[in-house]
A.B. asks: 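Below is the structure I would like to discuss, written out as structure tokens.
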Protein chains: 2
Amino acid sequence: MPEARTSTPRERYRTQVRAEIKEHAWEQIATAGASALSLNAIAKRMGMSGPALYRYFDGRDELITELIRDAYRSQADTLRAAADAGAGLAGLAHALRAWALDDPQRYLLIFGTPVPGYRAPDDVTEIAAETMAVIVGACAALPSASPSDGTADAFDAHLEDHRQWAGDDPAPSPVLHRALSFWSRLHGVLSLELAGQYTGMGFDPALLFDAELKDLLGP
Amino acid sequence: MPEARTSTPRERYRTQVRAEIKEHAWEQIATAGASALSLNAIAKRMGMSGPALYRYFDGRDELITELIRDAYRSQADTLRAAADAGAGLAGLAHALRAWALDDPQRYLLIFGTPVPGYRAPDDVTEIAAETMAVIVGACAALPSASPSDGTADAFDAHLEDHRQWAGDDPAPSPVLHRALSFWSRLHGVLSLELAGQYTGMGFDPALLFDAELKDLLGP
DNA sequence: ACAGGGCGGTTAGAAGCTATCACGAACATT
DNA sequence: AATGTTCGTGATAGCTTCTAACCGCCCTGT
């Protein structure tokens with residue numbers, strides 16, 4: 001007989017249904033975007049009628065927040081897994097791009113247009129910090145940032161006074177700078193690609209991504 | 001007596017009302033985001049009842065498309081004005097940032113999350129090409145791209161075969177590369193700033209923007 | 001073993017939205 | 001002055017989120 005029964009059948013059913021709801025929600029978001037997400041449509045597609053979903057989520061906003069949380073979690077796990085597998089900064093970059101292309105709307109749910117008043121819950125920003133920690137770690141493992149060029153960057157000096165977002169990581173500020181640059185630059189090409197801003201231009205976004213990455217890694 | 005009467009009073013009234021509708025729409029978008037734009041609310045705020053707006057716009061989608069068009073137009077005009085005033089690449093960058101910060105939701109309406117099926121009208125992409133032309137022009141005026149470094153970039157070679165987006169601009173492909181890099185990189189920091197991804201990190205996004213710009217201009 | 005409580009699902013309904021239709025009134029034109 | 005186009009209205013259909021009231025089942029405690 002199973003002794004450590006930490007979950008009742010009811011709880012298991014509940015979490016299973018919640019997961020199924022999110023499944024349908026992701027499907028819907030992938031095909032029509034987050035703004036078109038409809039609780040009613042999800043309920044109908046699950047064979048139950050409208051307001052039943054409110055037993056599982058307080059409303060549309062809570063569902064979306066949960067999806068955002070999962071998206072951040074998935075991103076953090078992906079990058080951490082790559083780092084644990086020994087990937088360097090380049091490996092992280094490609095893991096990030098693969099993750100983004102795997103579900104563009106998931107990426108845009110995090111980094112796309114925010115609603116003006118929205119404030120992400122604390123645990124979500126903690127997951128984001130976790131992701132940044134992985135990136136900072138990979139940057140610290142790099143040969144050297146700003147090597148022979150003796151002139152300290154103005155932003156580096158500024159970062160020295162604003163490094164609390166890196167937690168207790170003792171990395172010197174040029175490393176933090178490189179991490180921010182890494183994140184911002186790759187997001188630049190990635191988000192423009194996902195938003196379709198390059199379509200019609202003809203070139204391969206993957207090559208631009210690699211070019212940016214190479215320039216980012218090179219001296 | 002005015003002889004060249006190219007517009008009747010009715011036409012003038014019509015365009016005036018259309019402009020007023022867009023005015024309210026922008027206001028609403030700035031405070032609640034584009035997804036919350038409501039024709040009904042606009043109509044009520046203008047003192048007329050619901051369906052009246054359909055005399056001026058085919059529907060919500062056409063209104064938003066019109067706003068997108070205006071946003072592109074405004075961006076292109078801003079950059080061209082800066083270029084005409086003698087601004088270099090750095091000047092364009094700061095003009096771009098100022099334009100973005102002036103109305104974040106306007107920027108995000110262009111570069112934010114797109115709805116999966118949406119395809120921008122041709123005239124809109126033409127305006128975007130106009131903007132790119134200004135940037136390419138400023139890049140061509142720069143001292144030299146990839147100066148002594150003889151090894152031709154892989155992406156540069158690829159661009160040589162995909163340069164039709166630059167129109168008939170005879171700029172060498174490293175210049176086009178720099179234009180794409182300029183656009184992508186600045187969009188990276190800008191969009192993350194506008195989306196509030198840097199908030200809570202403490203540092204000044206303007207300094208990161210300048211650092212990216214400096215690195216972009218430097219050899 | 002059986003009565004109760006919590007939980008899941010239902011229908012009904014309020015309030016909001018987009019969008020279409022049919023009608024009246026005001027305007028411009030012939 | 002008569003005609004026709006345009007503007008604004010109210011009514012209506014259909015969608016949405018979300019609340020409220022109700023019913024029934026499963027699970028649990030005595």
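Protein chains get the first letters and strands the later ones, always in sequence-line order, with residue 1 at the start of each. Atom set for the values below is all heavy atoms of this structure, side chains included, hydrogens, waters and symmetry mates excluded.
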A.B. asks: Across the strands shown, which category fits B:Phe57 at heavy-atom distances under 4.0 angstrom: base, sugar-phosphate, nothing?
C.D. replies: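 It contacts nothing in the nucleic acid.
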
A.B. asks: Rounded to whole angstrom units, what separation is found between the CZ atom of A:Arg45 and the C1' atom of D:dC15?
C.D. replies: 14 Å

A.B. asks: Taking atom P of C:dA19 as reference, at what distance in whole Å does atom CG of B:Leu39 sit?
C.D. replies: 6 Å

A.B. asks: Check this one for me: any side-chain N or O of A:Ser38 less than 4.0 Å away from OP1 or OP2 of D:dT17?
C.D. replies: yes

A.B. asks: Describe, in one word, how the ring planes of A:His94 and A:Phe209 are oriented to each other, choosing from parallel (under 30°), tilted (30 to 60°) and perpendicular (over 60°).
C.D. replies: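 Tilted: the ring planes of A:His94 and A:Phe209 meet at 30° to 60°.
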
A.B. asks: Just how far, in rounded Å, is P of D:dT6 from OH of B:Tyr56?
C.D. replies: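 The distance from OH of B:Tyr56 to P of D:dT6 comes to 12 Å, rounded to the nearest Å.
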
A.B. asks: Going by an N to O cut-off under 4.0 Å, is there a salt bridge joining A:Arg163 and A:Asp169?
C.D. replies: no

A.B. asks: Scan B:Ile42 against the nucleic acid and name what it touches under 4.0 Å (heavy atoms): base, sugar-phosphate only, or nothing.
C.D. replies: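 The residue B:Ile42 makes no contact with any strand.
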
A.B. asks: In whole Å, what is the span from the CZ atom of A:Arg12 to the P atom of C:dC7?
C.D. replies: 17 Å

A.B. asks: What I want to find out is whether B:Arg14 reaches B:Glu11 closely enough, with some N-O distance under 4.0 Å, to be called a salt bridge.
C.D. replies: no

A.B. asks: Using a cut-off of strictly less than 4.0 Å, decide whether A:Ser49 has a side-chain nitrogen or oxygen near OP1 or OP2 of C:dT11.
C.D. replies: yes

A.B. asks: Does the side chain of B:Leu192 reach to within under 4.5 Å of the side chain of A:Trp183, using non-hydrogen atoms?
C.D. replies: yes

A.B. asks: Using whole Å, what does the distance between atom P of nucleotide C:dA28 and atom CD of B:Glu11 come to?
C.D. replies: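 One finds 12 Å between P of C:dA28 and CD of B:Glu11, rounded.
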
A.B. asks: So, the side chain of A:Thr113 versus the backbone of B:Thr113: is there a donor-acceptor pair under 3.5 Å, distance only?
C.D. replies: yes

A.B. asks: As a test of reading the structure: which of C:dT10, C:dC23, C:dG8 is closest to the side chain of B:Arg55, going by heavy atoms?
C.D. replies: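 Shortest atom-to-atom distance from the side chain points to C:dC23.
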
A.B. asks: Roughly, in whole Å, what's the span from CZ in A:Arg14 to P in D:dC27?
C.D. replies: 16 Å

A.B. asks: Examine distances only and state if a side-chain atom of A:Thr65 and a backbone atom of A:Asp61 form a donor-acceptor pair shorter than 3.5 Å.
C.D. replies: yes

A.B. asks: Hey, can you pull the donor-acceptor pairs under 3.5 Å for the side chains in residues 49-57 of chain A, sequence neighbours left out?
C.D. replies:
none

A.B. asks: Just call it for B:Arg10: base, sugar-phosphate, or nothing, with non-hydrogen atoms closer than 4.0 Å on any strand.
C.D. replies: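 Base, at least one base atom sits under 4.0 Å.
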
A.B. asks: Between B:Tyr107 and B:His187, how do the two ring planes meet: parallel, tilted or perpendicular, split at 30° and 60°?
C.D. replies: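 Judged by the thresholds at 30° and 60°, the geometry between B:Tyr107 and B:His187 is parallel.
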
A.B. asks: Could you tell me whether A:Glu27 and A:Arg45 have a side-chain N and a carboxylate O separated by less than 4.0 Å?
C.D. replies: no

A.B. asks: Without decimals, in angstroms, what is the distance between B:Arg18 CZ and D:dT6 C1'?
C.D. replies: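 Those two atoms, CZ and C1', are 15 Å apart.
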
A.B. asks: If I take atom OG from residue A:Ser191 and atom CD1 from residue A:Ile110, how far apart are they, to the nearest 0.5 angstrom?
C.D. replies: 13.0 Å

A.B. asks: Can you tell me the distance, in whole Å, between the OH atom of A:Tyr13 and the P atom of D:dC27?
C.D. replies: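 Result: 12 Å.
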
A.B. asks: Return the residues of residues 20-34 of chain B meeting this criterion: a heavy atom under 4.0 Å from some atom of DNA chain C. Order them by number, or give none.
C.D. replies: none

A.B. asks: Please pick, from C:dT18, C:dG9, D:dA11, the nucleotide with the shortest atom-to-atom distance to any side-chain atom of B:Asn40.
C.D. replies: C:dT18

A.B. asks: Nearest of C:dT10, C:dT20, D:dG10 to any side-chain atom of B:Tyr54?
C.D. replies: C:dT20

A.B. asks: Between D:dC18, C:dC21, C:dT11, which nucleotide has the shortest distance from any of its atoms to the side chain of B:Pro51?
C.D. replies: C:dC21

A.B. asks: Mind running a 4.0 Å heavy-atom check of residues 60-70 of chain B against DNA chain C and sending the residues that fall below it, in number order?
C.D. replies: B:Arg60

